[in-house]
A.B. asks: 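Structure in structure tokens, see below.
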Amino acid sequence: MPEGPSIVILKDLIKDLHLGKPEILEVEGSAKNLDKDRLLHEKIQDFKSWGKHFLICFKDFTLRIHFMLFGTYLINAHKKTKLTLGLAFKNDELNFYTCKVDLLEGNVKEHYNWENDIMAEEWNSRAAIKKLKEMPEALVCDVLLDQHIFSGVGNIIKNEVLYRIKVHPLNKIEDLPPAKVKALVKEARNYSFDFLKWKKENTLSKHWEVYSQKECPRKHPITKKELGKTHRQTYYCGKCQKLYQQN
DNA sequence: CGAAATGTTTATGA
DNA sequence: CTCATAAACATTTC
């Protein structure tokens, strides 16, 4: 659920309900610091996503929902797990579980820059390249998870992008040929849209080339290791993915 | 049943 | 004070 494309799917599902600007008739849930009175009878102006954040926008504030690792939601359905936030409208309800809810004051545009959102129309690849050049020592397996550069990219996207561009996860940005830096940025967005398409078709895991795999498409063995300062599981092919400088 | 997993924040210590 | 590391949180799947 938690990577950027999955949040876009949630947003699209809600748009498909054609709610318009629904009034909140009921608020439930255990989210801490949740001011239920503030939400009651307010009208939702818009549903947005930014990276892994799902945003419910009101006139003067925005609810931010972050699903972390285990978060889920149900639309017009519910389950036994403790409800974190439930919103009921005239004919529909949205239920969010195991997520973090925050209230952002003021206009949502003051809080987010959509140039960094890997799924947004406003995505700015040149800005991403510029930020990468400012961190020459950083490892490629870490920068892909940096939400200030690639908001929405998670561990699956990280691993698949690096295999697609045949770059070893332990390369430093400064050691990559400029064409590979460009390819990194381009594929981060490309793969995210493939992720979106495959996730909608329910075929995402069938398309994994390295993530959670034993061998790569060329039948080489996959290495699985916790790498970088993020210490996330990294799956890569030592034969297909090049390490440009060793030290 | 134990382990691991699409993630981030907070606490702790050097 | 800042950085690196550890711990914390919560649920489903294999």
Side-chain angles (χ1 to χ4, degrees), chain A residues 1-13 29-34 49-55 63-74 77-86 95-104 111-112 116-119 134-139 141-164 169-170 172 187-214 222-236:
Chain A
M1 152 93 267
E3 297 194 39
S6 299
I7 308 300
V8 171
I9 290 173
L10 166 58
K11 187 178 65 176
D12 289 350
L13 285 173
S30 60
K32 57 175 184 180
N33 306 326
L34 178 65
S49 65
W50 180 89
K52 298 168 189 170
H53 299 197
F54 180 62
L55 304 169
L63 278 189
R64 163 174 68 200
I65 297 177
H66 198 301
F67 291 96
M68 308 301 283
L69 203 50
F70 309 126
T72 52
Y73 60 85
L74 287 172
H78 56 92
K79 60 175 182 174
K80 284 182 200 147
T81 317
K82 188 167 81 174
L83 179 66
T84 309
L85 175 67
N95 293 312
F96 302 98
Y97 305 88
T98 330
C99 53
K100 200 173 345 166
V101 179
D102 287 293
L103 194 147
L104 309 177
H111 293 271
Y112 293 102
N116 310 337
D117 177 2
I118 198 75
M119 301 303 291
E134 287 164 3
M135 45 199 318
E137 301 270 314
L139 300 178
C141 60
D142 285 332
V143 298
L144 275 165
L145 294 175
D146 187 332
Q147 301 300 297
H148 303 292
I149 308 176
F150 299 103
S151 336
V153 169
N155 206 34
I156 295 174
I157 297 175
K158 172 194 85 177
N159 284 297
E160 293 296 313
V161 165
L162 290 177
Y163 184 76
R164 277 192 172 186
L170 289 177
K172 288 179 184 171
E187 267 318 309
R189 182 164 165 90
N190 263 352
Y191 181 79
S192 294
F193 279 90
D194 284 339
F195 184 122
L196 174 67
K197 182 178 72 187
W198 291 329
K199 179 99 182 171
K200 281 184 169 176
E201 295 173 355
N202 229 337
T203 62
L204 180 64
S205 57
K206 271 201 275 184
H207 289 90
W208 287 336
E209 297 190 308
V210 289
Y211 180 78
S212 198
Q213 302 304 299
K214 291 270 183 290
I222 294 290
T223 306
K224 176 191 180 189
K225 254 188 195 169
E226 281 189 2
L227 298 181
K229 64 178 178 188
T230 47
H231 296 124
R232 301 297 302 281
Q233 289 296 350
T234 307
Y235 297 83
Y236 63 96

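In what follows, chains are A, B, ... by sequence order, proteins preceding strands, each numbered from 1.
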A.B. asks: Looking at Asp142(A) and Lys172(A), does any basic side-chain N land under 4.0 Å from a carboxylate oxygen?
C.D. replies: no

A.B. asks: Could you tell me whether Tyr211(A) contacts a base, only the sugar-phosphate backbone, or nothing, with contacts defined as non-hydrogen atoms closer than 4.0 Å?
C.D. replies: sugar-phosphate

A.B. asks: Identify whether any heavy atom of Lys79(A) sits under 4.0 Å from a base atom; if not, whether one sits that close to sugar-phosphate; answer base, sugar-phosphate or nothing.
C.D. replies: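 Sugar-phosphate contact only.
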
A.B. asks: Do any side-chain nitrogens or oxygens of Lys224(A) fall under 4.0 Å of OP1 or OP2 in dA5(B)?
C.D. replies: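 It does, given that an N or O in the side chain of Lys224(A) lies less than 4.0 Å from OP1 or OP2 of dA5(B).
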
A.B. asks: For Glu3(A) and dT6(B), what is the distance between atoms CD and C1' respectively, to the nearest whole Å?
C.D. replies: 5 Å

A.B. asks: Which residue, Ser6(A) or Arg64(A), contacts DNA chain B at a nucleotide closer to its 5' end, judged by nearest heavy atom?
C.D. replies: Ser6(A)

A.B. asks: So, for Tyr112(A) and His53(A), is the gap between ring centers shorter than 6.0 Å?
C.D. replies: yes

A.B. asks: Should Ser212(A) be listed as having a side-chain N or O under 4.0 Å from OP1 or OP2 of dA4(B)?
C.D. replies: no

A.B. asks: When all nucleic acid strands are considered with a 4.0 Å heavy-atom cut-off, which category describes Lys52(A): base, sugar-phosphate, or nothing?
C.D. replies: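 Sugar-phosphate, no base atom in range.
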
A.B. asks: Given Watson-Crick or G-U pairs with both distances under 3.5 Å, what dot-bracket string fits DNA chain C, with | for other-strand pairs and [ ] for crossing?
C.D. replies: .||||||||.||||

A.B. asks: Under 4.0 angstrom, heavy atoms only, what part of the nucleic acid is Lys80(A) near: base, sugar-phosphate, or nothing?
C.D. replies: nothing

A.B. asks: For Met68(A) and for Thr72(A), find the nucleotide of DNA chain C with the closest heavy atom, then tell me which residue's nucleotide is more 5'.
C.D. replies: Met68(A)

A.B. asks: Quick one: closest heavy-atom pair of Val153(A) and Glu3(A), and the distance?
C.D. replies: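 Where Val153(A) meets Glu3(A) most closely, the heavy atoms are C-OE1, 4.2 Å.
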
A.B. asks: Closest nucleotide of DNA chain B for His66(A) versus for Glu226(A): which of these residues is on the 5' side?
C.D. replies: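 In this pair, the answer is Glu226(A).
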
A.B. asks: Tell me the interatomic distance from Phe54(A), atom CZ, to dG7(B), atom C1', rounded to whole angstroms.
C.D. replies: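 Going from Phe54(A) (CZ) to dG7(B) (C1'), I get 18 Å.
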
A.B. asks: Can you classify the ring geometry of Phe96(A) versus Phe54(A) as parallel (below 30°), tilted (30 to 60°) or perpendicular (above 60°)?
C.D. replies: tilted

A.B. asks: Could you pull out the closest heavy-atom pair between Asp117(A) and Ser49(A), with the gap in Å?
C.D. replies: OD2-O, 3.5 Å

A.B. asks: Using a cut-off of strictly less than 4.0 Å, decide whether Arg232(A) has a side-chain nitrogen or oxygen near OP1 or OP2 of dT6(B).
C.D. replies: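 The answer is yes; a side-chain N or O of Arg232(A) sits under 4.0 Å from OP1 or OP2.
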
A.B. asks: Can you see which heavy atom on Trp50(A) is nearest to which on Gln147(A), and at what distance?
C.D. replies: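 Reported closest heavy-atom pair: CH2-O, 3.9 Å.
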
A.B. asks: Rounding to the closest angstrom, what is the interatomic distance between dA4(B) and dA7(C) at atom P?
C.D. replies: 16 Å

A.B. asks: Are Thr234(A) and Lys158(A) close enough that a side-chain donor and a side-chain acceptor fall under 3.5 Å?
C.D. replies: yes

